Amino acid sequence: MAALRTLLALFPNASARKLLLMMLFVLVFWLVFMASKDHTEFLLHINNPINLRRWHIFKDLLHSERRLQNTTSASPVEADLMMVTEILEKLNRQIPPRPFTHLNTTTSAKESRATILNPRGTYCIGDQLDVLLVAKDYFGHKKKYGGDFLRARIFSPALKAGASGKVTDFNNGTYVVSFTLFWEGPVSPSILLMHPSEGVSALWRARNQGYDRIIFTGQFLNGTSPVFTECSLTLNANTEQCQYLDARDHEAFYCIKPTHVPCEALTHMRTNNNNVSYLSLKEHLLFRRFNMAVEMVKNLTITVSPCNRIETKKRKCQIGMKTPFPSGYTFKGKWISTFCQQNMFSDIKDINNCLTRKLIYLMGDSTLRQWVYYLNKVVKTLTFFDDHGTGMFHTHVLLDTNRHILVQWKKHGHPFVTKKLFSVKDDNYIPREIDQVAGDSGTAIVISFGQHFRPFPINIFIRRAINVKKAIERLFLRSPDTKVIIKTENIREVNENAEIFSDFHGSIQNLILRDIFRDLNVGIIDAWDMTIAYRSEDVHPPNSVIESQIAMFLNYIC
């Protein structure tokens with residue numbers, strides 16, 4: 001007891017004394033417990049791998065808690081940087097480097113084998129069809145690792161029907177591709193080898209190495225005469241540059257300063273593809289057209305029966321619903337959602353009733369500009385307002401003054417990639433545009449960006465997505481009834497310049513968007529899923545796809 005009093009005297013603070021007594025109590029309890037247990041059993045208990053696993057889980061939880069504490073105590077700049085770094089680390093784990101010695105050791109669509117897993121005598125609507133895919137190289141040897149970029153689809157041409165498939169990669173050269181059977185009749189599966197894993201690894205490494213695959217040319221005005229100069233997303237310290245900085249959102253764009261011309265005189269921009277590549281000459285062989293989007297399934301067709309299927313009632317489509325994959329399918333050329341009940345909006349009167357007294361802001365790339373053209377064509381009372389802009393990329397405004405409808409499309413800020421000259425006089429990044437929207441229950445915002453980010457390191461896209469999310473959160477604080485819809489990126493044509501245009505880049509960006517926006521109360525229009533189901537391999541999908549996208553949008557807002 002005397003020793004205890006002496007020890008307590010060293011801790012005059014009452015809180016410290018309580019903590020010390022608690023620690024002593026725990027120590028005594030542990031000693032008594034140990035004395036009552038067999039020593040050998042205790043050692044076995046410690047060496048048990050299950051318990052070691054629990055310890056690792058405990059360490060992981062502690063690590064996550066510390067990271068959360070660090071994030072909450074960090075400044076907004078540090079928190080954003082930590083989020084970017086965390087997403088990059090996650091992606092790097094998903095896309096590990098793959099050895100590449102020769103084209104013949106990469107995945108061959110011809111040598112690979114696809115077979116139906118556990119085939120049945122009868123397939124019913126709603127059943128799942130599983131296809132086992134064994135990836136082999138050109139010598140016929142089974143691959144020992146996964147990572148191939150595959151595109152899976154079922155289709156029935158006579159029914160104008162199609163749906164995406166889900167790929168499960170076992171990381172040992174085998175895949176299971178799962179399809180939900182949505183319609184009756186003959187159904188054929190398709191699995192395209194877009195890129196072998198070696199190509200995926202090369203694209204990922206190359207993408208994150210440089211910013212100079214695209215040349216930006218800025219036009220300044222010197223009085224009334226145009227002056228052209230080179231611009232970039234990165235700073236070149238060797239020359240005097242105009243810096244166009246968004247300090248809050250850490251966005252930056254730079255132009256070499258023309259002689260005797262102020263930086264404020266920048267008026268227009270255009271881009272060109274640069275003859276720069278971070279792929280080796282050997283790696284370029286992986287991206288010849290005959291090596292991309294090659295069919296891996298040979299002559300597999302099943303017949304689907306109705307089997308007295310009972311329709312389950314779905315909830316009406318609304319903002320905030322989680323979208324599964326696949327989120328829908330095409331049948332007789334129309335998109336049918338799998339997770340919510342749609343109204344068709346096939347009658348112009350229904351569309352007008354939905355849009356009446358609505359302010360609709362479309363923010364993003366030209367795949368959203370297509371919506372404006374489609375609405376103008378279909379809804380005759382929506383007419384263009386001349387905002388004095390020129391070219392394809394000026395702000396587009398549709399008005400119906402009688403019904404108080406406004407539909408506006410505005411392009412997103414840098415990077416915007418096109419060979420056509422476009423004005424930057426009123427350019428804003430999407431987060432700044434969102435900040436200018438007052439918002440209410442009659443206001444809807446649709447956001448889509450991604451295609452123009454494919455040629456640049458992924459951190460540019462991640463940071464923009466984070467900034468858009470934060471702007472939406474600010475909007476919801478002041479106007480929680482405003483409806484926000486994210487339209488994901490769509491697939492596009494297969495291009496030999498895969499380093500810039502590959503859908504692999506789009507698939508990664510779609511994963512990032514879903515991760516960043518997963519907790520927001522927004523609607524998702526899965527253009528990626530839609531365009532695979534339709535097999536619309538065009539950066540600007542046909543009207544049937546645009547009609548389906550707009551129909552989903554109308555279901556979300558009405």
Side-chain angles (χ1 to χ4, degrees), residues 268-269 351-352 354-401 403-418 420-439 442-453 464 468 471-472 475 482-490 492 522-525 527 530-531 538-543 545-554 556-557:
H268 291 77
M269 191 73 58
I351 298 175
N352 270 327
C354 177
L355 294 179
T356 296
R357 303 197 64 82
K358 295 288 195 305
L359 304 177
I360 298 165
Y361 299 95
L362 310 177
M363 304 177 183
D365 56 33
S366 53
T367 64
L368 264 186
R369 190 188 68 226
Q370 287 183 272
W371 285 28
V372 177
Y373 296 152
Y374 181 86
L375 286 170
N376 174 246
K377 180 181 177 181
V378 172
V379 185
K380 302 300 183 183
T381 55
L382 279 172
T383 57
F384 279 109
F385 172 78
D386 182 4
D387 71 338
H388 298 206
T390 57
M392 295 174 63
F393 304 111
H394 69 92
T395 300
H396 289 52
V397 179
L398 286 176
L399 290 175
D400 181 340
T401 54
R403 295 180 177 83
H404 304 282
I405 303 170
L406 177 143
V407 181
Q408 174 185 288
W409 172 81
K410 191 171 184 180
K411 68 181 180 298
H412 64 69
H414 306 301
F416 199 83
V417 179
T418 176
K420 296 180 174 64
L421 199 68
F422 62 90
S423 172
V424 295
K425 292 179 182 179
D426 65 343
D427 261 15
N428 252 335
Y429 295 111
I430 289 177
R432 295 289 181 177
E433 291 292 336
I434 296 172
D435 287 342
Q436 293 177 14
V437 175
T443 301
I445 298 174
V446 186
I447 300 164
S448 184
F449 60 100
Q451 295 282 353
H452 295 254
F453 288 76
R464 185 66 52 80
V468 169
I472 294 171
L475 170 66
T482 306
K483 296 176 176 63
V484 178
I485 294 95
I486 308 295
K487 184 185 80 67
T488 67
E489 208 168 324
N490 52 266
R492 61 181 297 164
V522 298
I524 300 290
I525 295 176
M530 280 186 183
T531 47
D538 190 330
V539 68
H540 295 116
N543 276 345
V545 178
I546 303 303
E547 179 184 6
S548 295
Q549 293 174 359
I550 291 176
M552 275 302 298
F553 165 70
L554 295 174
Y556 277 138
I557 68 170

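For the numbers below, each heavy atom of this structure counts, side chains included, while hydrogens, waters and symmetry mates do not. Just so it is clear, the model here is predicted, and its values are computed rather than measured. Numbers here are sequence positions counted from 1.
Using a 4.5 Å heavy-atom cutoff, the side chains of Ile525 and Ile486 are not in contact. Using a 4.5 Å heavy-atom cutoff, the side chains of Phe449 and Val468 are in contact. At a threshold of 4.5 Å between non-hydrogen side-chain atoms, the residues Lys487 and Ile447 do not count as touching. Side-chain contact between Leu362 and Val372 is present, with heavy atoms from C-beta onward closer than 4.5 Å. Annotation: side chain of Leu399 is not in contact with side chain of Leu382 (no heavy-atom distance under 4.5 Å). In this structure, the side chains of Trp409 and Tyr373 stay at 4.5 Å or more apart for every pair of heavy atoms. Using a 4.5 Å cut-off on side-chain heavy atoms (C-beta onward), Val407 and Leu375 make contact. In this structure, Val424 and His414 have side chains that are in contact, with non-hydrogen atoms separated by less than 4.5 Å.
Thr395 contributes atom OG1, which lies 6.5 Å from atom NZ of Lys411 (distance to the nearest 0.5 angstrom). Expressed to the nearest 0.5 Å, how far OG of Ser548 lies from CE of Met530 amounts to 5.5 Å. To the nearest 0.5 angstrom, Phe385 atom CZ is 11.5 Å from Thr401 atom OG1. Here the CG atom belonging to Asn376 is positioned 12.0 Å from the OH atom belonging to Tyr374, to the nearest 0.5 angstrom. A distance of 7.5 Å separates OG1 in Thr418 from NE2 in His452, rounded to the nearest 0.5 Å. Atom OH of Tyr361 is separated from atom CD of Gln408 by 6.5 Å, given to the nearest 0.5 angstrom.
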Donor-acceptor contacts, no H, no angles, side chain residues 431-438, under 3.5 Å, sequence neighbours left out:
unit_1	atom_1	unit_2	atom_2	d
Arg432	NE	Asp246	OD2	2.9
Arg432	NH2	Asp246	OD1	2.8
Glu433	OE2	Lys410	NZ	2.8
Asp435	OD1	Arg474	NE	3.2
Asp435	OD1	Arg474	NH2	3.2
Asp435	OD2	Arg248	NH1	2.8
Asp435	OD2	Arg248	NH2	2.9
Asp435	OD2	Arg474	NH2	3.2

Show the numbers, then the answer: is there a ring pair (Phe, Tyr, Trp, His ring centres under 6.0 Å) between His394 and Phe422? CA-CA 7 Å; His394 69 92; Phe422 62 90; over 10 Å; no

Verify side-chain contact (heavy atoms from CB on, under 4.5 Å) between Asn352 and Arg403, making sure each step is shown before the conclusion. CA-CA 8 Å; Asn352 270 327; Arg403 295 180 177 83; 3.7 Å; yes

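Taking the ring centroids of Trp371 and Phe553, they lie under the 6.0 Å cut-off.
Between Ala444 and Ile557, the closest heavy-atom pair is CB-CG2, 3.9 Å. What you find for His540 and Ser366 is that their closest heavy atoms are NE2-OG, 2.7 Å.
Side-chain N or O atoms of Glu489 include none that pairs as donor or acceptor with a backbone N or O of Ser448 at under 3.5 Å. Checked by atom type and distance alone, the side chain of Asn428 never pairs as donor or acceptor with a backbone atom of Gly413 at under 3.5 Å. Looking only at distances, no side-chain donor or acceptor of Thr381 sits under 3.5 Å from a matching main-chain atom of Asp400. A donor-acceptor contact shorter than 3.5 Å is absent between the side chain of His412 and the backbone of Ile430. Put simply, the side chain of Arg464 never gets that close to the backbone of Phe453: no donor and acceptor are under 3.5 Å apart. For Asp387 (side chain) and His396 (main-chain N/O), no donor-acceptor pair under 3.5 Å exists by modelled atom type. In this structure a side-chain-to-backbone donor-acceptor pair under 3.5 Å is present from Gln451 to Asn490. At least one donor-acceptor pair closer than 3.5 Å links the side chain of Tyr556 to the backbone N or O of Ile524.
Residue pairs satisfying the salt bridge (Lys or Arg N to Asp or Glu O under 4.0 Å) criterion with at least one member in residues 357-380, sequence neighbours excluded, are absent.
The number of heavy atoms from other shown groups lying within 6.0 Å of CZ (Phe384) is above 12.
Applying the side-chain contact (heavy atoms from CB on, under 4.5 Å) test between Ile360 and each of Leu406, Thr443, Leu355, Ile445 identifies Leu355 as the sole match.
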